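Below is one structure, written out as structure tokens; comments come after it.
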Amino acid sequence: MLLKLVTLFFLLLVHYAMGEETCLGFVPMKMRAETISLVDYGGVGDGQTLNTKAFKEAIYRIEHLNRPGGTLLYVPAGVWLTGPFNLTSHMTLFLAKGAVIKATQDAASWPLIDPLPSYGRGREKPGGRFSSLIHGDGLNDVIITGENGTIDGQGDVWWNMWRQGTLPFTRPHLLEFMHTSEIIISNVVLQNSPFWNMHPVYCSNVVINNVTILAPRDSPNTDGIDPDSSSNICIEDNYISTGDDLVAVKSGWDEYGIAYGRPSSGITIRRLTGSSPFAGVAVGSETSGGVENVSIEHITLDNTGIGIHIKTNEGRGGYIRNITVTNVNMHVVRMGIKIAGDVGDHPDEKFDPKAVPVVDGLTLKGIWGDNVQMPGLIHGLKSSSFTRICLYDIKFEIVGGREVPWKCADVSGSASDVEPLACTELASPYGPNFCANAV
Ligand SMILES: *[C@@H]1O[C@H](CO)[C@@H](O)[C@H](O)[C@H]1NC(C)=O
Ligand SMILES: *[C@@H]1O[C@H](CO)[C@@H](O)[C@H](O)[C@H]1NC(C)=O
Ligand SMILES: *[C@@H]1O[C@H](CO)[C@@H](O)[C@H](O)[C@H]1NC(C)=O
Ligand SMILES: *[C@@H]1O[C@H](CO)[C@@H](O)[C@H](O)[C@H]1NC(C)=O
């Protein structure tokens, strides 16, 4: 214990000495006052026995005894089949080395919960949505960590329902927190989520670090981490390879998101490595509550659709502003950078086409790629031009040495040191020093 603390302190020192920024200390890592094991609540880790009742009873006990200092629920090595369960405050879910929490594939045992107010309906289907496997609502101080144990959503039954068009309601996430503050998720592997892997929504003070997220490249909508209408989030040192965007910052959907009006802000995405058929890091397209103050740094992408994708649409309203992207390395990508105002679908016919988003103050600096097919596309809206878009020190080597131009429309800003040469729209009106001063 003391040794661990000394090691942690040393690691912190090393981080600071190297000038390397870190989420450590952003949300304090708590040592819990007591530990209980899933086995004491009837858990059987044989991969066959359903452990939903054991999880629920253990967590009920944590909630109702409410020990000062909180409780750690220890999940030993083994395969723990379970249906969905809710977490409680002041608890740590600890997955030992070799522990696998495995979701049941029996869709009937997944409860339906209300749609999110900022979406007005399920993201895929009207009405309610299936609860996530591990769910938390209205909590404070929750940790999910361990020794690289696994949470496996066994998503293929859900992906097949999606492919066959037989989904009755919107698919479940693997992990969702709503209205929760002080969350740490670290040292775990998430795999084969039915839908988005991790969805903090209406949350604040969240650290997600040292996590591995895996799903097949052809699995539908298996986004890695989607911070949604949430603030103060630090996403650091993760490896993500899934079938959709690795990280996508969101804030609600069209008229419902505008009415709910909760932005995402204060978000850092740092030292992310991975591969996606869609975006490496995205903002959008659901940004109706607004997204601002996002820093995306030290990203390494391999075999990816679009490196950095900022996306919104007419009807979204809201804003996307003060986003900085620095130090991105891409290898084998279809398009380096895309910033576009015509992406994504609408919840229903009631959206207001005159609710146009404001996109202002995006700085992209130090972005390099090889084996890139297209450098970039920046398309604002006729009714809402994108402003103060700054590109600086960006080099894409195009496949086969071809000359492929950037495509721009309804955008203004500045570009310098960009290869292939950025479009002329970015030559005005701020002058050549704007970019250099922007970061
Ligand atoms: C979790 O709690 C919500 C209420 O917040 C409830 O609707 C849902 O059924 C609970 N899920 C499970 C699996 O018990
Ligand atoms: C990352 O996870 C691995 C495996 O669980 C662990 O050995 C390592 O100490 C973790 N690093 C940090 C910074 O937590
Ligand atoms: C954790 O497990 C994942 C998946 O098996 C593996 O890729 C990763 O290297 C492991 N991390 C550590 C630090 O052992
Ligand atoms: C974004 O940052 C600016 C400047 O620091 C600050 O004034 C603003 O309140 C921040 N936005 C939010 C939603 O926190």
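Remember, it's 1-based here, ligands and their atoms both numbered in the order they're listed. Both backbone and side-chain heavy atoms feed into the values below; hydrogens, waters and symmetry mates do not. These numbers come from a predicted model, not from an experiment.
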Give one line per pair: atom of ligand 1, protein atom, distance. Only N/O to N/O under 3.5 Å.
from	atom 1	to	atom 2	distance (Å)
ligand 1	2 (O)	Asn86	ND2	2.3
ligand 1	11 (N)	Asn86	ND2	3.0
ligand 1	14 (O)	Lys56	NZ	3.4

For the ring pair Tyr202 and Tyr260, is the centre-to-centre distance below 6.0 Å? yes
Is the contact between Asn210 and ligand 2 made by the side chain, the backbone, both, or neither, using heavy atoms and a 4.0 Å cut-off? side chain
Any N or O of Thr212 that comes nearer than 3.5 Å to an N or O of ligand 3? no
Is there a donor-acceptor contact under 3.5 Å linking the side chains of Arg262 and Ser118? no
Applying ring-ring contact (aromatic ring centres under 6.0 Å, His included) to Trp158 and Phe130, what does each step give before you reach the verdict? CA-CA 11 Å; Trp158 299 96; Phe130 289 106; 5.0 Å; yes
With sequence neighbours excluded, tell me which residues meet ring pair (Phe, Tyr, Trp, His ring centres under 6.0 Å) with Trp80. none
Does Lys97 offer a backbone N or O that forms a donor-acceptor pair with the side chain of Glu147 under 3.5 Å? yes
Are Tyr256 and Tyr119 an aromatic pair by the rule of ring centers under 6.0 Å? no
Asp417 vs Lys395, salt bridge (Lys or Arg N to Asp or Glu O under 4.0 Å): CA-CA, chis, key distance, verdict: CA-CA 8 Å; Asp417 216 359; Lys395 310 237 157 51; 3.5 Å; yes
